[in-house]
Amino acid sequence: LWPWLLASSGLSALVQLVTLPFFPDSPSYLLIQKGNEEACRKAIKKLWGEGDHQAEIDDIMKEKVAMTSTKTLRVLEVIKERSLRWQLYILMTVITTLQLCGINAIYFYSFEVFHTAKFEEYLIPYVSLGVGLCECLSSILCSTLIDRFGRKVLLWGGYTLMCSVLALLTMTLSLQHQFFWMHYFSVILIFLFIIFYGSGP
């Protein structure tokens, strides 16, 4: 079953490969990058149907003017630019915390935790599949939450809850030989960590 599950990811790639030539180019790409207004109008009509789309074309033209008046900075220029310093710090902090948040350790040790929790050997791959599905569903949930609460709230809330779960997980793994139910609590915490990771950071 696992070879088929792994191969199934290629199905979506195949569908995209076959259908992509039939999709129109992006109107903004055609107008801004190619400078072809006629092709842009055709793409807009193909995407949004017949009608007056002059307002959309005007918006794209404003974007083109804004892009031409903005200087493109190299990497070293971005680092030296004082006005971008705080944005750069925030970006580096978010990327670093994302890499060091513990998600890789959770994925690496989850199999061992499931095994210690006395799951049957043939069930462990399905539980691991459930972990991946849990992350997928929580990422979909995040797309609806981000409009309501904003990115900042989701980042703070997600990292706070993840830290709490990791602290509890450390306790349950330390006490798993003293209380039989700690194994199952650890499994629940792993799923909670994945949910908070997917819906937050």
Side-chain angles (χ1 to χ4, degrees), residues 9 12 16 26-29 32 47-48 55-56 58-60 62-67 69-114 117 126-176 181-201:
S9 60
S12 60
Q16 290 180 32
S26 166
S28 57
Y29 166 77
I32 295 172
L47 289 168
W48 297 332
E56 286 80 5
D58 291 340
D59 286 340
I60 297 172
K62 287 177 186 175
E63 184 182 342
K64 183 178 182 181
V65 171
M67 285 179 68
S69 62
T70 304
K71 181 187 174 186
T72 304
L73 298 176
R74 294 186 177 88
V75 176
L76 286 176
E77 290 174 333
V78 170
I79 294 170
K80 291 177 183 177
E81 183 64 45
R82 295 183 67 87
S83 62
L84 300 175
R85 196 69 52 83
W86 275 108
Q87 292 93 320
L88 191 62
Y89 289 155
I90 291 169
L91 182 65
M92 288 173 64
T93 303
V94 170
I95 291 172
T96 304
T97 51
L98 193 61
Q99 292 299 317
L100 302 175
C101 69
I103 186 67
N104 293 325
I106 289 290
Y107 276 128
F108 187 79
Y109 288 109
S110 61
F111 189 89
E112 186 179 333
V113 172
F114 298 151
Y126 295 102
V127 180
S128 300
L129 185 64
V131 169
L133 185 63
C134 195
E135 183 179 356
C136 180
L137 293 175
S138 59
S139 299
I140 295 169
L141 176 66
C142 177
S143 62
T144 59
L145 292 176
I146 197 167
D147 292 330
R148 176 174 287 187
F149 299 108
R151 185 72 177 156
K152 189 176 180 180
V153 173
L154 289 182
L155 278 172
W156 276 108
Y159 281 125
T160 303
L161 292 169
M162 285 163 62
C163 285
S164 304
V165 168
L166 283 177
L168 287 171
L169 188 58
T170 304
M171 289 173 56
T172 57
L173 290 175
S174 301
L175 299 171
Q176 64 183 352
W181 50 269
M182 280 294 181
H183 304 299
Y184 305 106
F185 195 39
S186 299
V187 172
I188 293 169
L189 287 173
I190 285 175
F191 276 91
L192 283 175
F193 184 89
I194 297 296
I195 291 169
F196 296 146
Y197 173 80
S199 57

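Values in this document were obtained by computation on a predicted structure and should not be read as measured data. All values below come from the heavy atoms of this structure, side chains included, with hydrogens, waters and symmetry mates left out.
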Exercise. With side chains defined as the heavy atoms from C-beta onward, is the minimum distance between I103 and L98 less than 4.5 Å?
Worked result: no
Problem set entry | Heavy-atom pair of closest approach, residues L141 and T144 | O-OG1, 2.6 Å
If you look only at distance, which donor and acceptor atoms sit under 3.5 Å apart when one is on a side chain in residues 185-200 and the other is two or more places apart or in another chain?
residue: S186; atom: OG; partner: T172; partner atom: OG1; Å: 2.9
residue: S186; atom: OG; partner: M182; partner atom: O; Å: 3.0
residue: S199; atom: OG; partner: I195; partner atom: O; Å: 2.7

Only pairs under 3.5 Å count here: list side-chain donor-acceptor contacts from residues 82-91, not counting sequence neighbours, and write none if there are none.
residue: S83; atom: OG; partner: E81; partner atom: OE2; Å: 3.0
residue: R85; atom: NH2; partner: K80; partner atom: O; Å: 3.3

Seminar exercise, completed: Between the CZ atom in R151 and the CG atom in L145, the distance rounded to the nearest 0.5 Å is 11.5 Å
Problem set entry | Atom pair OG (S138) and CG (L133), whose distance is rounded to the nearest 0.5 Å | 9.5 Å
Problem set entry | Heavy-atom side-chain contact between M162 and C101 under 4.5 Å | yes
Problem set entry | Inter-residue atom distance D58.CG - K64.NZ, 0.5 Å rounding | 13.0 Å
Exercise. Side chains of L169 and Y109: does their closest heavy-atom pair fall under 4.5 Å?
Worked result: no
Problem set entry | Results of side-chain hydrogen bond (donor to acceptor under 3.5 Å, both in side chains) for S28 - residues two or more places apart only | S26
